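Data block below; observations after.
Note that the coordinates shown come from a computational prediction; the quantities given were computed from them, not determined experimentally. Lettering follows sequence order; numbering is per chain, from 1.
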Amino acid sequence: MADVTNAQAAAAFDELADLYELDGAAQYRVLAYRNAAKAVREAPLSVVSLAAQGRATDLPGIGTTLQQKLRDLGESGDIPAAQRLRASYPTGLIAVMHLPGFGPKRARKLHDELGIDSLERLRAACEQGQIRKLKGFGPKVEESLLSALQAGADGSPAPRILLSRALKLAEQIAGALRNHPGAGDVEVAGSARRRADSVKDLDIVATAADPVALAHSLGELEIVESVSSAGDAGARVVTHTGMKVDLKVVEPDQFGNVLQHFTGSKAHNVALREAAVRRGLHVSEYGILDDATGQTLRCRTEEEVYAALGYAWIPPELREGRGELEAAALGGPGLPELVRLEDLRGELHAHTTASDGRHTMEEMALAARARGLEYLAITDHSASHGFGNHVPADELERQIERAHELDERLDDFKLLIGSEVNIGIDGSLDYPDELLERLDWVIASIHTAFRTPEAEMTARMVAAIEHPWVDAIGHPTGRKIETRQPYAIDMEQVIAAAARTHTMIEINASPDRRDLNELHARAAAEAGALILIDSDAHSKANFELTRYGVYTARRAWLTAEQVANTRSWEDFAPLRKRARNRA
DNA sequence: GCCGTTTTCGGCCCGACTGTTTTCAGTCG
């Protein structure tokens, strides 16, 4: 039944939204499909299975009609309405519709009047000067279309930059702006502030005694390649790395409104405004207009914006339209106290020169202690890792001795000897059980055969989870943000197995992994599984990456209590599965 | 197509920008 993944079902609704849009359907009908696509993409359970049981209507934005379409999708692999519409509107036309500056109306006109059904035919029509003849189109449209097509535009969304790279740039730019003599407040907004997995462009909001001077100073930074506009209200530039940066300079008494607006997300702002309208208030980046008085309230801070609308201030990481408004409503259930970087007291996943790390056990331990951590588990790759970076069993034996000696010597610090053990294709581990038992800590991960079918992959993972000496699962879905899809695996079953067996699940903090993602991490915590935030450090400097794991944990609504390694070693030790098994 | 401390029908966020127009439709965030 779970043959259709939520990602596939969401894509089907998005396609249907595109097709209905081309067909000229009412915009709110189209919007309903887009909202449903988001709900499906973020659902913690298989929506096709839910639909089969008649429970998909519990999801926000799914009614009986869309539930039936999910059933059709589960039973036949397609939705009849989509099949019908595809006959009228070819796939190539959807690509045209997704070109920058284009949408359903323009694409439809090109289709109806010039017979355009692909990017190739569109390019030919441009080259023949046919586009500019159409009513509502002109030479500018034709030119920009041609240059976009020549630059390789194919209607697919622009690539996104990893948060780690984007934040480095954002902090650099914001720092430079703050140093400007005319600057007041300077804050990074947008998805970077929400600590999303990846970022499309940077939004910065500022106040300034001299707005023009501040706006021009952005364009003068060394990292800036070109300036597309700079005035008294802000500036828009592109860096040498290709990142678009948008600076808005605003009056201090609107700083809260503008920062809130440009922090988003879109889903959060739409929900916020819809709720406000029901109370006679209209929210925009300029203020809050009250129907009753005709007055517009301008806010210096975000706290004032949220308070005026009846909410506690909402941490940016939660602003994704995932129930945060209901939780933040004054007099409501309240928002969780989110875990912070400084809450973490131990690190349970780190490599040394014994496998593919850059530093020795001692160097890593001293670096961890210097960062204020109280315990560290050394978890080099196991016997079958390959790439010449594996640790054979006899080498691990020697590592155990070295670790015990080192642990003796380190004051006020607990050094654990563990392993990141490969999970074989059949779910087996590549050290003998008696060796695994003697370790302080074992984290098991999949590093091979990513294309294994879902049922086998799930069974493979669950087998590892059920192993008595596996304390935790590392990077559970194998995804690499923007570059590698997660392997096919039923996370519902994985999470349930982990919760049942007291196996911890990692949020791997490596900025291109952040795996578990925020949705799975939230589901896992709600299912009662204990979460770890691990750096997976391959060098001393990599301990710095832990913060990306904390960001994901916060986006997952996690409290310090739900993250196992916020505990002291004394409190953490008995939570390990091996400690429970021995007890 | 969804949804309900105004509603089972009639609403459904808000404003800027662009290129085309001469008052605005379409797109974008």
**Message:** Can you tell me if A:Arg29 touches the phosphate of B:dG1, counting only side-chain N or O atoms and a distance under 4.0 Å to OP1 or OP2?
**Reply:** yes
**Integer angstrom distance from the C1' of B:dC14 to that of B:dC9** = 25 Å
**Request:** Pick the C1' atom in B:dA16 and in B:dG11, then give their distance to the nearest Å.
**Result:** 25 Å
**Item:** Between OG1 on residue A:Thr296 and CG on residue A:Asn257, distance to nearest 0.5 Å
**Value:** 9.5 Å
**Asked** If you check the A:Lys200 side chain, which of B:dG1, B:dT20, B:dG29 turns out closest?
**Response** B:dG29
**Item:** Nearest-neighbour nucleotide for the A:Ser284 side chain, B:dC12, B:dT20, B:dC14 considered
**Value:** B:dC14
**Request:** Please confirm whether the backbone N or O of A:Val250 pairs with a side-chain atom of A:Gln254, one donor and one acceptor, at under 3.5 Å?
**Result:** no
**Request:** Name the closest nucleotide to the A:Tyr286 side chain, picking from B:dG19, B:dA16, B:dT27.
**Result:** B:dA16
**Prompt:** Starting at CG of A:Asp291 and ending at P of B:dC13, how long is that distance when rounded to a whole Å?
**Reply:** 14 Å
**Asked** Where the side chain of A:Val141 is concerned, which of B:dT20, B:dT27, B:dC14 is the nearest nucleotide?
**Response** B:dT20
**Prompt:** Should A:Tyr306 and A:Leu272 be marked as a side-chain contact (heavy atoms from CB on, under 4.5 Å) after you check the CA-CA gap, both sets of side-chain angles, and the distance that decides it?
**Reply:** CA-CA 9 Å; A:Tyr306 284 105; A:Leu272 185 76; 4.1 Å; yes
**Prompt:** Expressed in whole Å, how much space separates the P atoms belonging to B:dC2 and B:dT6?
**Reply:** 23 Å
**Message:** Using a 4.0 Å heavy-atom cut-off, does A:Lys105 contact any base of the nucleic acid, only the sugar-phosphate backbone, or nothing at all?
**Reply:** sugar-phosphate
**Message:** Would you say that A:Leu516 contacts A:Thr552 through its side chain, given a criterion of any heavy-atom pair below 4.5 Å between the two side chains?
**Reply:** no
**Asked** Out of B:dG1, B:dC13, B:dT27, which has the shortest distance to the side chain of A:Pro104?
**Response** B:dT27
**Request:** Round to a whole Å and report the spacing from CZ of A:Arg160 to P of B:dG29.
**Result:** 11 Å
**Message:** Give me the distance, rounded to whole Å, that separates B:dT23 from B:dC28 when you measure between the P atoms they each carry.
**Reply:** 26 Å
**Message:** So if I take every side-chain heavy atom of A:Leu66 and compare against B:dG15, B:dC2, B:dC13, which nucleotide ends up nearest?
**Reply:** B:dC2
**Asked** What distance separates A:Arg236 CZ from A:Ser228 OG, expressed to the nearest 0.5 Å?
**Response** 6.0 Å
**Prompt:** For B:dG1, does either OP1 or OP2 sit under 4.0 Å from a side-chain N or O belonging to A:Tyr28?
**Reply:** no
**Prompt:** A:Leu134 or A:Asp201: which one's nearest nucleotide on DNA chain B is closer to the 5' end?
**Reply:** A:Leu134
**Message:** Does B:dC14 have OP1 or OP2 under 4.0 Å away from a side-chain N or O of A:His282?
**Reply:** yes
**Message:** Distance check needed: B:dT5 C1' versus A:Glu274 CD, whole Å only.
**Reply:** 17 Å
**Asked** Among B:dT20, B:dT27, B:dG1, which nucleotide sits nearest the side chain of A:Tyr33?
**Response** B:dG1
**Integer angstrom distance from the P of B:dT27 to that of B:dT21** = 15 Å
**Asked** What is the distance from CG of A:Asn35 to P of B:dC13, rounded to the nearest Å?
**Response** 9 Å
**Request:** Looking at every strand, decide which applies to A:Leu99 at a 4.0 Å heavy-atom threshold: base, sugar-phosphate, or nothing.
**Result:** sugar-phosphate
**Message:** How many whole angstroms separate atom CZ of A:Arg278 from atom P of B:dC12?
**Reply:** 11 Å
**Message:** If you only use heavy atoms from C-beta on, which nucleotide in B:dC13, B:dC2, B:dT20 is closest to the side chain of A:Lys266?
**Reply:** B:dC13
**Complete:** Atom CZ of A:Phe262 and atom C1' of B:dC14 are separated, to the nearest Å, by 11 Å
**Prompt:** Toward the 5' end of DNA chain B, which comes first, A:Asp203 or A:Lys140, by nearest nucleotide?
**Reply:** A:Lys140
**Message:** What is the distance, to the nearest angstrom, from the OH atom on A:Tyr20 to the P atom on B:dC2?
**Reply:** 11 Å
**Request:** Determine the interatomic distance between P on B:dC13 and the same-named atom on B:dC3; round to the nearest Å.
**Result:** 14 Å
**Request:** For A:Val283, report the nucleic acid contact type (base, sugar-phosphate, nothing); a contact means any heavy atom under 4.0 Å.
**Result:** sugar-phosphate
**Message:** Using atom C1' in both nucleotides, what's the gap between B:dC17 and B:dC12 to the nearest angstrom?
**Reply:** 24 Å
**Asked** Atom CG of A:Leu325 to atom P of B:dC13: distance rounded to whole Å?
**Response** 14 Å
**Prompt:** With both distances under 3.5 angstrom, what nucleotide forms a Watson-Crick or G-U wobble pair with B:dC2?
**Reply:** B:dG11
**Request:** Please work out which of the three classes, parallel, tilted or perpendicular, describes the rings of A:Phe102 and A:Phe137, given edges at 30° and 60°.
**Result:** tilted
**Prompt:** Angle class for the A:Tyr33/A:Phe13 ring planes (parallel below 30°, perpendicular above 60°, tilted otherwise)?
**Reply:** perpendicular
**Message:** Could you tell me how far B:dT5 sits from B:dG15 if I compare only their C1' atoms? Round to whole Å.
**Reply:** 30 Å
